[in-house]
Amino acid sequence: MTSPDALVRVATARGVTTLTLDSPHNRNALSTPLMTQLLAGLADAVADDAVRAIVLGHTGPVFCSGADLKETAAAYASGTVPAGMLGDVLVAVRECPKPVVAKVAGPARAGGLGLIAAADLAICAQEATFAFTEVRIGVIPAVISATVLPRLDQRAAAELYLTGDTFDGRRAAEVGLVTAAVPADELDAAVERYCASLVKGAPGALAGAKELLRRPAATDLRAEIAELAALSTGYFLSDEGREGVMAFREKRPAAWVPAGD
């Protein structure tokens with residue numbers, strides 16, 4: 001059960017765990033306590049075999065405003081800032097073996113954009129706004145670039161990083177920051193549709209597909225194809241592969257599909 005003073009709410013239903021950022025008083029800023037709870041929630045979801053996909057959502061009008069600047073200012077006296085943990089969060093989301101879907105109903109800035117980019121899928125309201133405002137306060141979007149830059153068109157990245165200008169959900173989809181932008185009143189249904197598709201995938205195959213998506217570009221095509229052919233054979237011969245093929249032939253849901261889907 002989620003603690004009453006939790007900054008990240010946890011709920012699981014039909015194979016999907018939803019981790020809801022619940023710190024609206026500071027626009028869901030990435031404070032150390034919130035990031036600690038988010039990491040714990042992710043770890044618990046990964047460890048739960050019944051969980052097939054993870055949704056990152058939020059309460060309040062803002063998805064995530066980025067770093068907790070109040071906490072950052074207080075840390076100046078020690079000569080450090082709490083940015084290191086943001087890197088841990090981005091890695092945990094990006095390398096999570098289960099699909100992660102960001103559900104963005106409102107504005108996102110700075111570290112919030114890194115979180116969105118780290119997710120496998122990101123669905124936003126068309127009215128949501130985004131901006132890389134770091135240069136306007138004398139810093140740069142350094143840590144989040146690890147997840148953001150692989151998503152963005154290079155020209156768009158240069159424009160958005162250097163100007164700090166605000167853009168909406170439609171533009172976010174155009175430049176690759178999000179998967180899709182939908183009317184606000186359709187956001188819940190859109191995320192549910194994606195999750196309904198995700199839970200039909202075999203857990204091991206989903207994790208393997210995510211690893212494929214992270215593979216670096218091949219320098220030796222023949223060697224790459226040989227390695228991938230061996231990988232494919234291993235999946236076909238696995239328990240999941242055998243069950244999936246049999247289920248397809250028998251026109252029934254595979255054993256891993258949650259009841260009702």
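Keep in mind that what you see is a predicted model, and the values were worked out from it rather than measured.
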Problem - Salt bridge present between R14 and E192 (N-O < 4.0 angstrom) - result: no
Exercise for the section: Run the salt-bridge test on E224 and R215 with the 4.0 Å N-O cut-off and return the result as yes or no. Expected result: yes
Practice task
Applying salt bridge (charged side-chain N to carboxylate O under 4.0 Å, His left out), name anything that partners R136, two or more places apart in sequence or on another chain.
Solution key: D165
Problem - Shortest non-hydrogen contact from V175 toward A156 - result: CG1-CB, 3.5 Å
Exercise for the section: Evaluate whether atom CZ of R155 has more than 12 neighbouring non-hydrogen atoms of other residues, nucleotides or ligands under 6.0 angstrom away. Expected result: no
Practice task
Using the test ring-ring contact (aromatic ring centres under 6.0 Å, His included), find all partners of Y194 that sit at least two apart in sequence or belong to another chain.
Solution key: none
Fill in the blank from the handout: Correct closest heavy-atom pair for A254 and A247 would be CA-CB, 3.7 Å
Exercise for the section: Determine the minimum heavy-atom distance between V8 and L38, stating which atoms define it. Expected result: CG2-N, 3.8 Å
Practice task
Taking E243 for its side chain and A255 for its backbone only, find out whether a donor-acceptor pair lies under 3.5 Å.
Solution key: yes
Completion exercise
Rounded to the nearest 0.5 angstrom, the CD-CZ distance for Q126 and R171 is 15.5 Å
Could you go through residues 178-189 and list every donor-acceptor pair under 3.5 Å that involves a side-chain atom there, pairing it with any protein atom two or more places apart or in another chain?
residue : atom : partner : partner atom : Å
T179    : OG1  : A122    : N            : 2.9
T179    : OG1  : A122    : O            : 3.4
D188    : OD1  : K103    : NZ           : 2.6

Name every donor-acceptor pair, under 3.5 Å, that has one atom in a side chain of residues 54-64 and the other anywhere in the protein, sequence neighbours excluded.
residue : atom : partner : partner atom : Å
H58     : ND1  : G60     : O            : 3.2
H58     : ND1  : V62     : O            : 3.2
H58     : NE2  : A105    : N            : 2.9
T59     : OG1  : L21     : O            : 3.3
T59     : OG1  : D22     : OD1          : 2.7

Practice task
Using modelled atom types only, decide if a donor and an acceptor are shared between the side chain of R27 and the backbone of S65 within a distance under 3.5 Å.
Solution key: no
Practice task
Measure from the side-chain N and O atoms of D120 to the backbone N and O of V100, and report whether any donor-acceptor pair falls under 3.5 Å.
Solution key: yes
Problem - Donor-acceptor contact below 3.5 Å, side chain S31 vs main chain D68 - result: no
Problem - S23 side chain vs N26 backbone, donor-acceptor pair below 3.5 Å - result: no
Problem - Qualifying residues under side-chain contact (heavy atoms from CB on, under 4.5 Å), relative to T133, sequence neighbours excluded - result: R109, A131
Practice task
Provide the closest heavy-atom pair for V148 versus L113 in the form atom of the first, atom of the second, distance.
Solution key: CG2-O, 3.8 Å
Handout entry: Minimum heavy-atom distance between V199 and R52, given as atom pair plus value
Key = CG1-CB, 3.9 Å
Problem - For A43, side-chain contact (heavy atoms from CB on, under 4.5 Å) partners two or more places apart - result: none
